[in-house]
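Everything on this sheet refers to the single structure shown next.
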Amino acid sequence: MSDLRRTRPDRLGPPPVEALSDLSWARVERAVFAELDGAAAPAPVRQPSRRAWVYAAVPLVAAAAAVTLWMVVRPDGSPNERAIPSRVATGDSPTEVNFGDAVITVAPQSALVLGRSPEDGVLILLDRGGANFSVAPRAGRPPFVVQAGEVQVRVTGTEFGVSRSGDAASVHVLRGTVEVVSRGNRTVLHAGDSWSSSGEREAAARGPSTAGVAAAPFVSDAGAPAVDAGAPRVPDRAPPTSKEQFDAATALEAKDPEAALDRYRSLARGSGPWAANALYAAGRLAFDRDELRLARRLLNDYLHRFPRGANASDARTLLNRAEEAGH
Amino acid sequence: MPDVPPAAASDRASADRDLAARCSSGDRAAQRELFARVKQAVHRTLFRILGSNRDIEDLLQESFIAIYRSIHGFRGESSLNTWCSSIATRVAWAYIERRKPAAAPLELVPEVATDDPDAERVYAAREAARRLYAALDRIDAKQRVAFALAVIDGRSLAEVAEMTGATTVAVKTRVWRARNELNRRARKDSVLAMYLTDLADAQEGNDE
């Protein structure tokens with residue numbers, strides 16, 4: 001075995017830590033501070049007696065049993081719904097997810113977040129790639145909404161596909177009706193219709209199938225991948241490309257965030273997709289470091305320069321949070 | 001772990017204690033600073049112990065709430081990063097103890113850029129990691145935590161001992177037992193066997 005070890009050049013290291021998206025971190029942070037804000041009053045001075053615990057435990061156990069029973073027997077409940085929000089990301093193969101009364105087929109190289117909308121309905125955030133949805137009619141049920149960048153698809157009960165590449169999105173309806181909201185404009189699509197965020201509504205020649213859902217890589221319009229916190233590799237050849245400069249700055253974040261910030265800002269002074277990514281990354285890093293004024297300035301600058309950039313939606317979310325935190 | 005000059009270590013410990021004290025007094029800016037500073041370390045600890053996990057956001061939330069609720073007990077004997085990682089370790093431990101056998105209807109997989117020239121290698125690592133965590137699912141929680149922190153995450157036995165509240169000898173024994181158990185399971189799984197060998201080599205490299 002030791003000979004084999006010595007002759008194998010392609011040793012596998014520890015599994016890479018999967019990066020969490022900014023939105024996931026935002027959810028965690030919001031939930032933690034909401035919990036702290038709603039923390040219980042100071043601890044009681046006197047410890048309750050064992051008998052008091054028994055008296056208290058009886059109704060609590062009964063209530064817990066009733067809730068558990070209700071969760072099990074209620075007609076529209078499912079374990080997946082209770083586990084939300086969940087992120088689903090696919091590799092080379094599609095995967096099928098049962099989520100409440102919907103069946104979601106996630107295309108290869110796609111990622112989406114299953115969550116709750118403010119009106120207690122279902123909100124699916126399509127990060128990238130595509131997915132097909134088969135949803136029961138919504139009459140009497142909570143709303144079912146798919147968000148792909150700035151495009152929102154509201155479902156009335158249907159079978160349809162949504163795909164996303166950067167901030168561009170397209171929708172195809174196989175059965176039923178959906179309402180698409182993009183930049184304030186509403187469009188109702190019926191079976192056989194297709195829609196894309198370029199503004200053209202066209203009759204679809206064919207409905208979407210699992211294989212037909214675009215498996216678009218997560219790239220901006222100009223072809224640069226959107227910001228990802230994954231560990232980049234820094235090649236040792238010169239001169240460094242914009243991507244290599246960006247990767248080098250990302251690699252510095254953990255050890256020397258100030259230097260990383262400087263590098264991002266320097267790269268952002270240029271033009272092109274990596275300047276856009278660097279400017280967003282600088283804003284995100286400043287926000288992470290609680291430098292809220294700087295974060296606001298950088299994120300505003302990003303939205304001004306790249307209003308349709310691949311990270312525009314995340315930049316707006318962060319900017320809102322920076323503004324909330326600053327007040 | 002790189003050696004830290006005594007003066008720098010003292011400054012760091014003092015800054016950590018100051019931040020912890022401000023968090024403990026309810027200073028929201030300090031709490032956010034702590035969140036930003038340690039979030040990657042906490043995430044990494046949970047991920048190393050549990051692997052790809054659909055409950056990761058809930059576990060992060062649970063970890064941070066536990067951190068803020070016990071921050072008044074921070075004495076600066078270890079760095080804030082290590083102290084917070086210890087709490088994440090306890091959260092992961094409790095999760096392993098309480099969770100039911102995995103039904104795993106969803107396949108949560110790490111993302112790989114399609115134009116990554118290293119994609120094939122990353123896929124191989126992913127498959128190997130999947131098998132490793134499937135095997136870890138079947139061994140004792142204490143052994144799993146010790147193995148994950150020492151072998152997968154590459155921490156020293158002393159650090160793992162500090163994080164898990166055990167002696168170094170106990171940690172060493174747990175890692176040894178976990179390795180034996182994994183090797184036993186790997187007899188019928190060449191991918192897992194090769195991966196365990198790679199991890200052992202990497203650990204030897206760390207120890208040298």
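Here is how names work: the chains are called A, B, and so on, in the same order as the sequence lines, proteins then strands, and each is numbered from 1. What you see is a predicted model; the values in this text were computed from it and never measured.
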Could Arg28(B) and Phe33(A) be counted as a cation-pi pair, given that NZ or CZ must be under 6.0 Å from the ring centre and within 45° of the axis? no
Which pair of non-hydrogen atoms, one from Lys142(B) and one from Trp93(B), has the smallest distance, and what is that distance? CG-CZ2, 2.9 Å
Taking side chain as everything from C-beta outward and backbone as N, CA, C, O, which of these in Leu132(B) sits under 4.5 Å from a heavy atom of chain A? Side chain, backbone, both or neither. neither
Mind ranking Gln31(B), Glu62(B), His43(B) by heavy-atom pairs under 4.5 Å with chain A and telling me who comes out on top? His43(B)
Exercise: identify the closest heavy-atom pair between Ala281(A) and Phe246(A): CB-CE1, 4.1 Å
With a 3.5 Å cut-off and no angle check, do the side chains of Ser24(A) and Ser21(A) form a donor-acceptor pair? yes
Side chain, backbone, both or neither: which part of Arg37(B) has a non-hydrogen atom closer than 4.5 Å to chain A? neither
Asp288(A) versus chain B, the contacting section by heavy-atom distance below 4.5 Å: both
